[in-house]
Amino acid sequence: MDKYDKIVELGRRRGFFWPSSEIYGGVAGFLDFGPMGAMLKRNIERRWREVFIHRHHGLVYEIETPVIMPAKVFEASGHVENFTDVIVECMQCHKRFRADHLILEQIGDVQGIEGMTTEELDALILERGVRCSECQGQLSKISKFNLLFRTNIGPYSENVAYLRPEAAQGMFVNFKGIFNSMRERLPMGLAQIGKVARNEISPRQGPIRLREFTIMEVEFFFDPRSPECTIIDDVADVKLRLLTEEMVKSKALEPVQVSVSEALKEGYIKTEWLAYFMALSTKFISELGAPVESQMFIGKPPEERAHYSAQTFDQLVKLERWGWVEVSGHAYRTDYDLSRHMQYSGQDMSVFRKFDAPRKVKVFAAKPKVDAISADHGKNTGKVLSVIKGADVSMLRSKLSSGPVEIEGVLIKPEYVEFYEKEEAQTGERFIPHVAEPSFGADRLTYLALECAYSEREDRVVLRLPPSIAPVSVSVFPLVNRDGIREKAYCIYRDLKDAGLIAEFDDSGSIGRRYARADEIGCPLAITVDYESLQNDTVTIRHRDTWEQQRVPIGELKGFLKGFFSMR
RNA sequence: GCGGCCGUGGUCUAGUCCGGUCUAGGAUAGAAGCUUCCCAAGCUUCGGAUCCCGGGUUCAAAUCCCGGCGGCCGCACCA
């Protein structure tokens, strides 16, 4: 029985997590979190929120957008195209191919192949005799890999929508509006914690690979001309363990350990903001209990990167059963997403960059020749004039150079317009921001925290969760249930709850049993009220990790706890 | 998706090969009470399993057969 099995067992026994829809046989890739698990996960989310968002207020803002978005969004993002693979396998040599690619390759362009169902493609393969391009073997039926969950909005089946596979698109589509309302400042990060869904082909590994999970993402927008991270000094000395793309290529297994500033100087990481977030992530993952030695970042080669990424580092953590597992991804998405949304929606996603000093630029201007126009158009002259004024000058100029052109139903002749060069002062230019994206899976982190915290002592399970994320902060026990001790303990318990702590009260079984119960859910402190408490108003505080006890006056309890939890 | 192994109270497990003695045993966890009073002590009592689901064979199925679902391992997949 390895750690994974033990955690799965503990997870069920103590109400952390278990497979979803279990009474109907369960369904792979979905997980339910119980009372303890939900609290643990929320605490991890809360810590992430503090580290990545609140500590950067003024720079990073949290937003919330729907899980369901119209098909158009994911057409623009490239997910519809890149998330849907129709795959055939050669029955002879067992090589796999993208079915559509193979068809196009062998029989040329096929009308409407994009929208074809697998049955139609199967039929096409059969009719046209498409074969394995390697060995000419016969092909299997198509299997379809579409990781997007599809649904409809409203009663119309043609109104297709998808469940988001990442929270990012909600931030991209909102970028411009928020940029405006947040006073048009770059850099600016948008963050989101929320559910995403990916219809994985065959998810295994329990909480590690899910079809629906919580993602925690920042889309950090910056001007590619000023890509400097203004707060890089805060993390310049943080050590990163890196396995760069080149090292992966040369089959290196041991990561190099370099400081953030070295990693940037050596060009391992392409942009400072990405490096900044990688440093934050290292600290964050350490705080959850994973030692730095069992973390590393691995550079993804182009063929393994997402379609939108110019550089990706996966942050890996070593788990006992699953080996190196990705807990966060750090992608340099450049201007891919905003450009695509600009193209697909027709909305301007660009941002104005002011020059240090206005520049003089030579531009062409169009001057309509009213005489010539009115000679041809008479009363319609006004219409023609407005068409000319509305047209893009350089476009109009190049078109007219090869003869008359029709715009908005009006025939424009070259002699209608005179072009002349003029000097114009430009105060700036428009550009599309670039994006650095750190992205975390909260469910994996929850499992990670459990695995890191899991320990055994004298045949008992002790979850040594960091106090900052422990589901229950403090337990209160009466040593015995008589002589007013129980009442006193209960009073303290209620006081602590009033003070905003997650506290539990337990008066059943022996004191040792109660300590053991508290240890199993990772409660860091237990307060015991005993006979001495009746005499001098002190209690014992028992520490989960050392089992040591100390006496603290009841009056100082809240202060003690406040200090204890704030320093972790 | 392919192949192998597997699925019994909340948890772990005995029983499955060789059908009946299993109205399913044990341990642990849980609840109530007594007792003890600082690390899962003890005693009493209680609740909790249509033996993963569906079908079949049989006088009789936890046990044999088929299908499904789920889990683990290997291969494939993993924007």
Side-chain angles (χ1 to χ4, degrees), chain A residues 1-2 4-6 8-15 18-30 34 74 77-85 87-89 91 94-96 140-148 164-166 168-169 196 198-206 208-211 300 303-309 312 314 321-322 325-326 329 331 333 336 439 457-462 477-483 485-486 506-520 526-533 539-544 546-549 551:
Chain A
M1 199 176 184
D2 65 8
Y4 175 78
D5 285 325
K6 288 174 173 174
V8 167
E9 191 201 316
L10 179 73
R12 162 161 276 132
R13 204 173 64 236
R14 287 302 180 196
W18 53 84
S20 199
S21 302
E22 237 193 337
I23 63 166
Y24 292 103
V27 45
F30 296 89
F74 299 107
S77 72
H79 285 92
V80 169
E81 191 192 335
N82 294 294
F83 247 30
T84 309
D85 289 353
I87 286 183
V88 282
E89 185 174 335
M91 312 227 273
H94 296 289
K95 281 238 156 62
R96 280 159 188 245
S140 70
K141 286 229 165 169
I142 285 169
S143 51
K144 196 169 182 182
F145 294 178
N146 185 350
L147 297 190
L148 287 175
R164 60 184 181 186
E166 52 171 9
Q169 298 309 324
V196 299
R198 302 175 184 186
N199 206 353
E200 299 282 353
I201 296 152
S202 84
R204 290 180 190 172
Q205 307 172 316
I208 302 301
R209 214 152 136 232
L210 296 171
R211 288 191 165 116
K300 305 275 272 184
E303 63 275 15
E304 284 182 32
R305 288 203 288 263
H307 56 275
Y308 46 69
S309 176
T312 298
D314 278 352
R321 166 145 358 156
W322 311 114
V325 165
E326 179 193 341
R333 299 179 75 133
Y336 176 85
S439 166
R457 181 165 180 179
E458 295 174 19
D459 276 344
R460 298 170 15 177
V461 175
V462 180
F477 307 143
L479 186 64
V480 292
N481 288 322
R482 59 174 183 234
D483 303 326
I485 287 178
R486 186 180 183 282
D506 193 350
D507 63 350
S508 93
S510 71
I511 193 77
R513 195 198 259 320
R514 285 177 259 163
Y515 286 143
R517 274 196 280 251
D519 285 345
E520 268 200 335
I527 292 171
T528 300
V529 177
D530 55 18
Y531 282 105
E532 202 180 325
S533 310
V539 292
T540 65
I541 292 183
R542 178 261 194 190
H543 293 256
R544 174 195 68 198
T546 57
W547 292 11
E548 275 162 12
Q549 297 189 9
R551 275 210 100 77

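Numbers restart at 1 for each chain; the letters A, B, ... are given by sequence-line order, proteins then strands. The analysis underlying the following values was restricted to heavy atoms, covering all of them including side chains, and did not include hydrogens, waters or symmetry mates.
If you take atom C1' in B:A41 and the same atom in B:U35, they sit 11 Å apart, rounded to whole Å. Between B:A40 and B:U28, the distance separating the two C1' atoms is 10 Å to the nearest Å. Nucleotides B:C43 and B:A27 are separated by 11 Å at their P atoms, to the nearest Å. Of the C1' atoms belonging to B:C65 and B:A61, the separation is 11 Å, rounded to the nearest Å. Taking atom C1' on both B:G10 and B:A76, the two are 37 Å apart, rounded to the nearest angstrom. When the P atom is compared between B:A31 and B:U50, the two are found 22 Å apart, to the nearest whole Å. Between B:G7 and B:C18, the two C1' atoms lie 22 Å apart (nearest whole Å). Between B:C5 and B:U44, the two P atoms lie 45 Å apart (nearest whole Å).
A:Arg460 contributes a side-chain N or O that forms a donor-acceptor pair with the base of B:C39 under 3.5 Å. Contact of A:Tyr531 with B:C37 (side chain to base): no donor-acceptor pair of N or O atoms is detected under 3.5 Å. The base of B:C39 has none of its N or O atoms less than 3.5 Å from a complementary donor or acceptor on the side chain of A:Arg514. Between the base of B:A40 and the side chain of A:Glu520 there is a donor-acceptor pair shorter than 3.5 Å.
Pair check for B:C34 finds B:G42; Watson-Crick or G-U wobble, both atom distances under 3.5 Å. Nucleotide B:C51 forms a pair with no other nucleotide shown, judged by Watson-Crick or G-U wobble geometry with both contacts under 3.5 Å. B:C59: Watson-Crick or G-U partner is B:G20, with both key distances under 3.5 Å. Pairing for B:C5 goes to B:G71, judged as Watson-Crick or G-U wobble with the two contacts each under 3.5 Å. In this entry B:A29 has no Watson-Crick or G-U wobble partner, no candidate having both defining distances under 3.5 Å.
Distances shorter than 4.0 Å separate none of the side-chain N or O atoms of A:Arg457 from OP1 or OP2 on B:C39. Taking 4.0 angstrom as the limit, A:Arg321 places none of its side-chain polar atoms (N or O) nearer than this to OP1 or OP2 of B:C72. Proximity of A:Arg13 to the phosphate of B:A29: no side-chain N or O atom is located under 4.0 Å from OP1 or OP2. The shortest distance between the side-chain N/O atoms of A:Arg513 and the OP1/OP2 oxygens of B:G30 is below 4.0 Å. For A:Tyr4 and B:C72, the shortest distance from a side-chain N or O to OP1 or OP2 is below 4.0 Å.
Salt-bridge formation is detected for the pair A:Asp5/A:Arg321: a Lys NZ or Arg NE/NH1/NH2 atom is positioned less than 4.0 Å from an Asp or Glu carboxylate oxygen. The existence of a salt bridge linking A:Glu326 and A:Lys300 is excluded, since no basic side-chain nitrogen approaches an acidic carboxylate oxygen closer than 4.0 Å.
Side-chain proximity of A:Trp322 to the nucleotides B:C73, B:G70, B:A40 is greatest for B:C73. With B:G71, B:C38, B:U11 as the candidates, the nucleotide lying closest to the side chain of A:Thr528 is B:C38. Nearest nucleotide to the side chain of A:Val480, out of B:C39, B:C37, B:G71: B:C37. Proximity note for A:Glu200 (side chain, C-beta onward) versus B:C38, B:C78, B:G10: the nearest is B:C78. Considering only the side chain of A:Arg517, B:G30 comes nearest among B:G10, B:G70, B:G30. Ranking B:C77, B:G10, B:C37 by closeness to the A:Arg12 side chain, first place goes to B:G10. Considering only the side chain of A:Glu9, B:U11 comes nearest among B:A29, B:C78, B:U11.
Counting any heavy atom pair closer than 4.0 Å across all strands shown, A:Trp18 reaches no nucleic acid atom. Residue contacts for A:Gly206: at a heavy-atom cut-off of 4.0 Å it reaches the sugar-phosphate backbone alone, with no base atom in range. Here A:Phe477 lies out of heavy-atom contact (under 4.0 Å) with every strand. Note on A:Glu22: nothing from the nucleic acid sits closer than 4.0 angstrom, heavy atoms only. No contact: A:Asp5 has no heavy atom under 4.0 Å from any strand. Among the protein residues, A:Thr540 comes within range of the nucleic acid bases, having at least one heavy atom under 4.0 Å from a base atom.
Summarising the geometry, the separation between CZ on A:Phe30 and P on B:C69 is reported as 15 Å, rounded to the nearest angstrom. To the nearest angstrom, C1' of B:A31 lies 13 Å from CG of A:Asp506. Protein atom CZ of A:Arg482 is 8 Å distant from nucleotide atom P of B:U35, rounded to whole Å. One atom, CG of A:Leu479, and another, C1' of B:C39, lie 11 Å apart when rounded to the nearest Å. Here the C1' atom of nucleotide B:G74 and the CD atom of A:Gln205 are 13 Å apart, to the nearest Å. Protein atom CG of A:Asp507 is 13 Å distant from nucleotide atom P of B:G30, rounded to whole Å. In this structure, CG of A:Asn481 is placed 13 Å from P of B:A31, rounded to the nearest angstrom. Per the geometry, CG belonging to A:Asp483 stands 15 Å off C1' belonging to B:U35, to the nearest Å.
Under the 3.5 Å distance criterion, the side-chain polar atoms of A:Asp483 are left unmatched by any main-chain donor or acceptor of A:Ile485. Checking side-chain atoms of A:Arg514 against main-chain N and O of A:Pro478 turns up a donor-acceptor pair under 3.5 Å. Looking at A:Arg211, its side chain does come within 3.5 Å of a backbone N or O of A:Glu200 through a donor-acceptor pair.
Along RNA chain B, the nucleotide nearest to A:Asp530 and the one nearest to A:Arg211 differ in position, and the one closer to the 5' end is contacted by A:Asp530.
A cation-pi arrangement, defined by a distance under 6.0 Å to the six-membered ring centre and an angle within 45 degrees of its axis, is present between A:Arg333 and A:Tyr308.
In summary, the side chains of A:Tyr515 and A:Thr528 do present a donor paired with an acceptor at a separation below 3.5 Å, with no hydrogens or angles considered. A donor-acceptor pair shorter than 3.5 Å cannot be found between the side chains of A:Ser77 and A:Arg164.
Residues A:Leu210 and A:Pro203 form no side-chain contact, since every pair of their non-hydrogen atoms from C-beta on lies 4.5 Å or further apart.
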